[in-house]
Peer 1: 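Dropping the structure in here first, questions after.
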Amino acid sequence: MDILSSLGLGRSYLEKIFSDAKSFKADISAGKGILDGKVIALAFFEPSTRTYTSFDVAAKRLGASVIGFRSQEDTSMAKGETLSDTIRMLDGYADCIAIRHRYDGAAKLAAEVAKNPVINCGDGRNEHPTQSIVDLYTIVESFGRIDGLTYCLMGDLRYSRTTNSLLYALGQFKPKAVYLSSPDQLAARSEVIDKLGFKCKKIDYDIDSVIEEVDVLYVTRIQKERFADETEYKKAKGSYYINEDLVARMKPEGILMHPLPRIDEIDRRVDRSKKAMYFEEANNGVPVRMAILKRMFDGGR
Amino acid sequence: MDILSSLGLGRSYLEKIFSDAKSFKADISAGKGILDGKVIALAFFEPSTRTYTSFDVAAKRLGASVIGFRSQEDTSMAKGETLSDTIRMLDGYADCIAIRHRYDGAAKLAAEVAKNPVINCGDGRNEHPTQSIVDLYTIVESFGRIDGLTYCLMGDLRYSRTTNSLLYALGQFKPKAVYLSSPDQLAARSEVIDKLGFKCKKIDYDIDSVIEEVDVLYVTRIQKERFADETEYKKAKGSYYINEDLVARMKPEGILMHPLPRIDEIDRRVDRSKKAMYFEEANNGVPVRMAILKRMFDGGR
Amino acid sequence: MDILSSLGLGRSYLEKIFSDAKSFKADISAGKGILDGKVIALAFFEPSTRTYTSFDVAAKRLGASVIGFRSQEDTSMAKGETLSDTIRMLDGYADCIAIRHRYDGAAKLAAEVAKNPVINCGDGRNEHPTQSIVDLYTIVESFGRIDGLTYCLMGDLRYSRTTNSLLYALGQFKPKAVYLSSPDQLAARSEVIDKLGFKCKKIDYDIDSVIEEVDVLYVTRIQKERFADETEYKKAKGSYYINEDLVARMKPEGILMHPLPRIDEIDRRVDRSKKAMYFEEANNGVPVRMAILKRMFDGGR
């Protein structure tokens, strides 16, 4: 019942979510009352806007009450309480816990402690499975399918939990090709690659060689907060950049995605391109998370 | 549909708001269900109690759900996201965005980005239009009218967005006289004065010469956070002070207003005077903002 | 109508709360709609998880709306507003104010200012009466009674508001014996002891001499934030410790309580003992606070 990793998400589960999300997107009021009387806890120990807010809205659109925080400083962890004790408490108060934390594995730890279902909303540089469901839904909206497309994931693939989860989720489908483009020190970690049931091709900086065949270009932010060393961050920063010229060379039906927030990696003039799908991707956070919450209490996952 | 400035608020709009606010104040439960299913986003990038809380309560009393934050540190702007990207996201999740920000013009920028209506809840030292509607409503409650009264605005008129908005809103009415009393370095800015359709009279410190003819004495706090220079703040601080003697010299029906918070500018013994209207002014925040939200979704503004 | 101190809580009031709490715990949905249309303000000027969250959930399970904050920095007090002005404002917006503050007496001050009922959720090192109601309810759940039991309160009894309130509340009942075990510099203050209608026995560190006769062992955290002096804190820290051996020596039906958060004072291996009642105690926060809120608006207290 927990959602901790995209590795465990089955294709039939995902397809049901896409179908429910589509209904909610068409009529946002269709969720009214579905989670009446339920309490959802949003336990965010790191800052967030999109994930926190879209879960908050999704739960409320379904009629649930929401409790939560988005800063460790507001909680008893500021007094030295352990994560495990905090989770145990929330588990007694709420029917589901959505957690974000700066440590890899924090969501798994929470799930071991909690009797009620736990949703991983980002744990360190590990995973962010509901983001990958939002991403896949956005791809389905554009192409009607996930199979048979050519993907290029670009940017910080070393510390990015969203690309990890997206890669794992793609394993349920049959991508035509998956390219990984990143500066060397930000290359995807081998422990992630090793878990994939399909081959990826590392292309380093060489986006030029593949841009014309890519259906989905998925760009990530370089996450300053994941670097132990400021110098390393400065080297990585600015090592890739998406501008109008690059986007123009994509197929007409190709799309540009980004989990947001973006900092400097996409030129703002790209926003007006119809290929720029990142704002729609963000919008999809609400109907997709409504679908996820609905199924969680349906007994399915 | 946006509410960005008091300059654009028509008299007939204001009078409708006053009428609805009166009904809600008489029976706070009269708003129940009016905004059922709506989501209001409170995007507060500066601290707030009254404005945030009264919008929060107003929305909930009308049956809307509220999402929001009141510190930039809780959001992805802490990771470097632009205001414009943050607003675009909220616009996808909520049916209306109420924004407070430390920069002049931030609400206007938000309105340019958002498809849904934006309410300016204070942008830097520029404007705070809903506060001025609350202020005018409080005056109507006391006098039954806004026309024909003598006003004195006192204190920090240079950096105060509430007095700017009040002056603009008074332009829809026919004040008998408007005095501006402030220490020299806190005098109202000429770009504000130039936009008024009526004459104000600057009286510097000389409140004594007019106190006996004033109907509405509107005092503001010196806002430490607007000063670039601590020395300038210290010079301004304590340069005016309202005590019981001064209030006693006002007309019997005269009222003393303040948008709050106050720091040291009003002696606490003045609180027990029946002329002290600032707590009632704060209370009026809820019914007036209920009326504002109601009309926003009525298709009117 | 206010709940400021456990001293004023009558036995018949407490027994009604226990009875309502039991019903809510058996069927959490039984509270639905009871506080429909009410607004509860949670004014937390100090960090909190359990108390804030359980009041938040309790109010929402009863159908009330909740407004609130849990950090002074989010409010106008950051601009220098007084507590009294902040409370006056909240009193105009909400039907009840639950307050936590770092100063002793803050809740009493709030109650003097507010027309609506005020609930003390912890004021400095003074009191935390609703915690003591939760504690007593937990004892009733375990033993079916409060009278005739042997209690040992252990740890920081000097700065702990929860033990003060628990001692005051026990005064409504007939404990067989009450032991106070603490390092010397953390002994219960005489102004607290003087108000009790029963005798306590100070046993310093000597828990060994009484552990076998204790029914309820109530342990508290040493609260770093209450010490004026870091050196004093370091001396106190680690001066008592509950491990499996000690718990094994308690009567089979004995229980171990703690208001949480705990830091290092209870070995985590104790958690698996059936005597460890602190997580259940935390869980009881919701049904007990539902009962408290319900009676508050019933006209009773």
Side-chain angles (χ1 to χ4, degrees), chain A residues 25 27-33 42 44-66 68-74 221-226 237 258-266 268 271 276 278-287 289-290, chain B residues 33-45 47 49 52 55-56 59-101 106 109-110 112-116 297:
Chain A
K25 192 167 178 181
D27 176 11
I28 199 78
S29 69
K32 205 176 161 181
L42 304 181
F44 277 54
F45 298 93
E46 281 195 328
S48 166
T49 31
R50 253 158 302 277
T51 308
Y52 187 98
T53 309
S54 63
F55 258 116
D56 194 5
V57 173
K60 286 168 179 167
R61 296 261 191 216
L62 292 167
S65 294
V66 175
F69 48 85
R70 43 182 146 183
S71 158
Q72 185 156 321
E73 294 316 301
D74 293 348
R221 169 175 73 94
I222 295 187
Q223 300 176 81
K224 194 176 178 182
E225 67 272 31
R226 307 285 168 227
K237 193 171 169 280
H258 191 301
L260 304 181
R262 64 171 162 179
I263 313 300
D264 295 317
E265 57 277 4
I266 300 179
R268 265 138 234 285
D271 295 1
Y278 30 90
F279 293 125
E280 196 58 26
E281 188 184 355
N283 285 347
N284 287 337
V286 172
R289 290 186 170 105
M290 288 173 75
Chain B
I34 288 180
L35 294 193
D36 224 27
K38 298 291 181 197
V39 174
I40 310 297
L42 303 182
F44 277 53
F45 298 94
T49 31
Y52 187 98
F55 259 116
D56 194 6
K60 285 168 180 168
R61 295 262 191 216
L62 293 166
S65 294
V66 176
I67 58 171
F69 48 84
R70 42 182 148 182
S71 159
Q72 185 157 322
E73 294 316 302
D74 293 348
T75 76
S76 282
M77 293 185 71
K79 302 178 192 162
E81 185 171 49
T82 63
L83 177 61
S84 150
D85 279 11
T86 300
I87 294 298
R88 216 173 297 228
M89 181 263 302
L90 289 174
D91 189 44
Y93 296 168
D95 302 297
C96 167
I97 301 171
I99 181 175
R100 166 168 293 192
H101 200 283
L109 172 67
E112 283 163 10
V113 169
K115 286 187 292 284
N116 288 315
F297 290 98

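To find a chain, count down the sequence lines: A is the first, B the second, and so on, and within it residues start at 1. Please read these numbers as outputs of a predicted model, since none were measured by experiment.
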Peer 1: Using a strict cut-off of less than 4.0 Å between a Lys/Arg side-chain nitrogen and an Asp/Glu carboxylate oxygen, indicate whether B:Asp85 and A:Arg50 qualify as a salt bridge.
Peer 2: no
Peer 1: Could you look at B:Asp91 and say if it's the side chain, the backbone, both or neither that has a heavy atom under 4.5 Å from chain A?
Peer 2: neither
Peer 1: What closest approach, in Å, do A:Arg61 and B:Gly37 show between heavy atoms, and which atom pair accounts for it?
Peer 2: NH1-O, 2.9 Å
Peer 1: If I measure from the heavy atoms of chain B, does A:Asn284 come under 4.5 Å with its side chain, its backbone, both, or neither?
Peer 2: neither
Peer 1: Given that the side chain runs from C-beta out, which part of A:Thr53 has a heavy atom under 4.5 Å from chain B: side chain, backbone, both or neither?
Peer 2: both
Peer 1: Quick one: pull up CZ in B:Arg88 and CG in A:Leu260 and give me the separation to the nearest 0.5 Å.
Peer 2: 10.0 Å
Peer 1: Between A:Lys60 and B:Asp95, is the closest basic N to carboxylate O distance under 4.0 Å?
Peer 2: no
Peer 1: Decide yes or no for B:Asp36 and A:Lys32: does some side-chain heavy atom of the first lie under 4.5 Å from some side-chain heavy atom of the second?
Peer 2: yes
Peer 1: Can you find a heavy atom in the side chain of B:Met89 that is under 4.5 Å from one in the side chain of A:Asn283?
Peer 2: no
Peer 1: Roughly how far, to the nearest 0.5 Å, is the OG1 atom of B:Thr82 from the CZ atom of A:Arg268?
Peer 2: 4.5 Å
Peer 1: Show the nearest heavy-atom pair for residues B:Tyr93 and A:Ala282, with the distance to one decimal.
Peer 2: OH-O, 2.7 Å
